[in-house]
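Labels below follow one simple rule: chain letters A, B, ... track the order of the sequence lines, proteins then strands, and each chain is numbered from 1.
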2 protein chains.
Amino acid sequence: MRPEIVLFGDSITEQSFKYGGWGASLTDTYSRKADIVVRGYGGYTTRWALFLLHHIFPLGSTTPPVATTVFLGANDAALPGRASERQHVPLEEYKENLRKIVRHLKECSPTMLIVLITPPPIDEEGRQQYATSVYGEKAMTAPERTNEVAGNYANECVEVAKELGVSSVNLWSKMQETQGWQKKFLSDGLHLTPDGNRVVYEEVVKVFNGASLCAADMPSDFPHHSEIDPQNPAKVFQERGLL
Amino acid sequence: MRPEIVLFGDSITEQSFKYGGWGASLTDTYSRKADIVVRGYGGYTTRWALFLLHHIFPLGSTTPPVATTVFLGANDAALPGRASERQHVPLEEYKENLRKIVRHLKECSPTMLIVLITPPPIDEEGRQQYATSVYGEKAMTAPERTNEVAGNYANECVEVAKELGVSSVNLWSKMQETQGWQKKFLSDGLHLTPDGNRVVYEEVVKVFNGASLCAADMPSDFPHHSEIDPQNPAKVFQERGLL
């Protein structure tokens, strides 16, 4: 039985197997070492994600994930009074919901590596262009998300990680270190381009590697083909107790 | 519990989550509908894959896969007396091994959709260029695989599928319908480019769709975010028996 790594989050997780996606890259990296299980729910906030928690991470499982990424907040940070108002979750509740998620995951498995990923930065201009492309003149002129507010959620996400002693990736900060991040990393001001996916992938792998989940050091399932003796293929399987 | 679809095969399956990979595209298509589980073993032949069968597809499982792709033969078709001789499996044995695999999968679950995928065509020139790039002057001048021989394996694969009443994708034929398939679909004369991955993805989805495994018709796990009442988010989860 291979160890499982669960990717839990919103659309940015759900879409992580599109062309150049960070989930696909993780699956490739952990090939024959761990199974990557995608549990991404487009449009979900931390408030709504709480309803999924016991289903996706049942307590008392004998095979809980060895690691879970929690990538939520991009929807919580939607502004009240704007187009995506129904998704708004106040900052304090966002923090508390993240705490509930982390506590549940720890209860699910005290050894699970938990990685909180902050919302990405927002390219407000790109977001507005996207809204206009979808809704035409009906698009609100005020953006439904701002980069500043997303940054507040990102900061609190990192704070919760520190408070509860789990890992975090500050994607909001990291992406803004690169000039032209707005178009380089974001396709519609919020979701990720292949380059943006690459950043998530690299940052997550960095955390995994630092936590003894380095793919190169993990055992492969079944012998490498070069270890098989063509004259006696059963031998290596016998030696590994696989026959 | 989501249904599982297993991708069983050699390196072309193991690498199916690389950039533009067919495994990643399937995962994206079946997002929130089914889990795609990759069980690809680079360099493996049908002879060696038999040792994995009971481990990957244990009999008596209460949750066997709903579908499995079996994508083997590219290594079996390596020529005797050439560089990859150790992988050569005679044509008749290849057929018999495929039969054993299909019979085992049917025993594992009589309702499982089984899809045999033939080896891809071989671009002999590309294969030779690859060998020279790796081994320099030491590379054998005679190719370790020929397109003609790969075609024999492909034909027998399709025959076994017919004989045992399971589905098949004749990738060897399909790819050669496109002009310039040699460089368009194959990166080193054998493994797939993103365009080549696209062909596998499209052909597999076609078979799945024809077998009532059409993603669009399968239920999503958990309510779509638009069905959640922001004033009473618990409601839809209660209605679905999720609370």
*More than 12 non-hydrogen atoms from neighbouring residues, nucleotides or ligands closer than 6.0 Å to OH on Y201(B), yes or no?*
yes
*asked:* Does atom NZ (K235(B)) have a neighbourhood of more than 12 heavy atoms from anything else shown, all under 6.0 Å?
replied: no
At a heavy-atom separation under 4.5 Å, does [X] approach chain A through its side chain, its backbone, both, or neither?
X: R39(B); value: both
X: Q87(B); value: side chain
X: F237(B); value: side chain
X: R32(B); value: side chain
X: D10(B); value: neither

*Among A24(A), G23(A), S16(A), S220(A), single out the residue with the greatest number of heavy-atom pairs under 4.5 Å to chain B.*
A24(A)
_Max heavy-atom pair count under 4.5 Å with chain B, selected residue of L242(A), V38(A), L50(A)_ = L242(A)
At their closest point, which heavy atom of [X] faces which heavy atom of [Y], and how far apart are they?
X: S31(B); Y: E14(A); answer: OG-CG, 3.1 Å
X: R47(A); Y: P230(B); answer: NH1-O, 4.2 Å
X: P223(B); Y: Y44(A); answer: O-OH, 2.6 Å

_Pairing donors with acceptors under 3.5 angstrom, does anything connect the side chains of Y19(B) and D28(A)?_
no
_Just so I know, are the side chains of D221(A) and Y41(B) near enough to count as touching, which here means a heavy-atom distance under 4.5 Å?_
yes
Supply the atom-to-atom distance [X] [atom1] to [Y] [atom2], rounded to the nearest 0.5 angstrom.
X: T29(A); Y: K18(B); atom1: OG1; atom2: NZ; result: 7.5 Å
X: L52(A); Y: F222(B); atom1: CG; atom2: CZ; result: 5.0 Å
X: F51(B); Y: R240(A); atom1: CZ; atom2: CZ; result: 13.5 Å

